[in-house]
Amino acid sequence: MIVVKSAAELAKMRAAGRIVATILARLEEMVRPGVTSAELDRYAEQECLRQGATPAFKGYGGFPFAICASPNDRVVHGFPDRRPLAEGDILSIDFGVLYQGYYGDAAVTVPVGRIDAGTSRLVDATRESLRQAIAKAVPGGRLSDISHAVQGWVEPLGFSVVREFVGHGIGRQLHEAPQLPNFGAPGQGPRLKPGMTLAIEPMINAGTPGVKILEDGWTAVTQDGKRSAHFEHTVAITEHGPEILTRV
Ligand code: MG
């Protein structure tokens, strides 16, 4: 069942989303050659607690960190580590909080210094696919219109959509119904209504769509070793259209 949120609940989700957005924006500024994702993780956790929120991922299903840090061929759910980021890398940072009973969840893929043109195209296409997907989060539309917007944007550009991981409803739970694939024909699935809140999160590969999980049991990497990008926002469907909750 898809939980429709009241105005009071949306206000709380807006507050949670603002915390996610401010911390992610600061993490994005911190990314440069020589910085480690472990440093980013430490900042995110401390700042989250300072703002009175709880890191949403730490302890979720046993995940051990506040952020997911997924560089280069890492798709999602990577562990922060002490490897210094290098010029030309990309780093996907996924971060969520629980605040006053409600979750916010967002992700960005950040270039480390200068990146090559092909990687830049991948990152830009993934960011744009999220923008187009969000534009479909409107009352009267269907859930798979959002899915189709992602696939319809990235595949003509030569990129591929990860199948194993999907977006999700969000609210009092980090992962609520419905599941939201980033592929599929439009015009299917539940009809979208004001008060629905979705974490929309395209995960896009430069090469083939296949992924595998590393021995840590979490980190998803591309099977072909090519790069992958990920952007995510928590979005509310309102009478006036989509409202991005994870925005500063
Ligand atoms: Mg998510």
Side-chain angles (χ1 to χ4, degrees), residues 2-3 5 12-14 16-25 27-28 37 40-41 44-45 48 53-70 74-80 91-99 101-110 126-127 129-131 133-134 136-137 143-144 146-147 149-151 161-184 189 196-205 211 213 218-220 228-237 242-247:
I2 302 176
V3 181
K5 280 77 178 181
K12 290 183 176 174
M13 291 193 67
R14 212 170 274 127
R18 198 174 302 117
I19 294 171
V20 172
T22 54
I23 293 174
L24 258 189
L27 293 174
E28 207 167 339
S37 52
L40 302 178
D41 182 63
E45 178 163 10
C48 182
T54 308
F57 304 161
K58 193 167 184 172
Y60 187 89
F63 188 83
F65 299 98
I67 66 170
C68 300
S70 308
R74 270 56 176 161
V75 178
V76 286
H77 304 161
F79 286 4
L91 179 68
S92 152
I93 308 169
D94 194 346
F95 179 60
V97 309
L98 173 63
Y99 183 67
Y102 289 84
Y103 284 93
D105 186 6
V108 289
T109 298
V110 189
T126 308
R127 186 192 301 106
S129 75
L130 174 58
R131 198 184 69 81
I134 291 170
K136 297 293 184 185
L143 187 69
S144 81
I146 301 172
S147 311
V150 173
Q151 184 175 30
V161 175
V162 172
R163 301 305 206 260
E164 284 85 348
F165 302 101
V166 297
H168 48 95
I170 181 169
R172 281 192 166 279
Q173 307 294 329
L174 178 60
H175 296 113
E176 296 183 349
Q179 292 199 355
L180 177 52
N182 293 299
F183 57 92
M196 290 180 176
T197 45
L198 300 170
I200 306 176
E201 50 177 324
M203 290 150 268
I204 307 301
N205 291 353
V211 305
I213 306 295
W218 281 99
T219 308
S228 186
H230 178 208
F231 284 85
E232 177 178 18
H233 272 305
T234 298
V235 176
I237 296 165
E243 179 185 352
I244 299 175
L245 301 177
T246 41
R247 193 148 66 181

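Start at 1 and go down the list; that is how both ligands and their atoms are numbered. Side chains are part of it too, since the values below use all heavy atoms of this structure and drop only hydrogens, waters and symmetry mates.
Taking the centre of each ring, His230 and Phe165 stay at or above the 6.0 Å mark. Aromatic pair Phe65/Phe79: ring centres closer than 6.0 Å.
Protein-derived N/O/S atoms nearer than 2.8 Å to the Mg ion (ligand 1) total 4, waters excluded.
Counting heavy atoms from C-beta on, the side chains of Ile170 and Met13 come closer than 4.5 Å.
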How far apart are the C-alpha atoms of Leu40 and Leu91, what are their side-chain angles, what is the distance that settles it, and do they pass the side-chain contact (heavy atoms from CB on, under 4.5 Å) test?
CA-CA 11 Å; Leu40 302 178; Leu91 179 68; 3.6 Å; yes

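Residues satisfying the salt bridge (Lys or Arg N to Asp or Glu O under 4.0 Å) criterion with Lys136, sequence neighbours excluded, are absent altogether.
The environment of CD in Glu164 is crowded: more than 12 heavy-atom neighbours from other residues, nucleotides or ligands sit within 6.0 Å.
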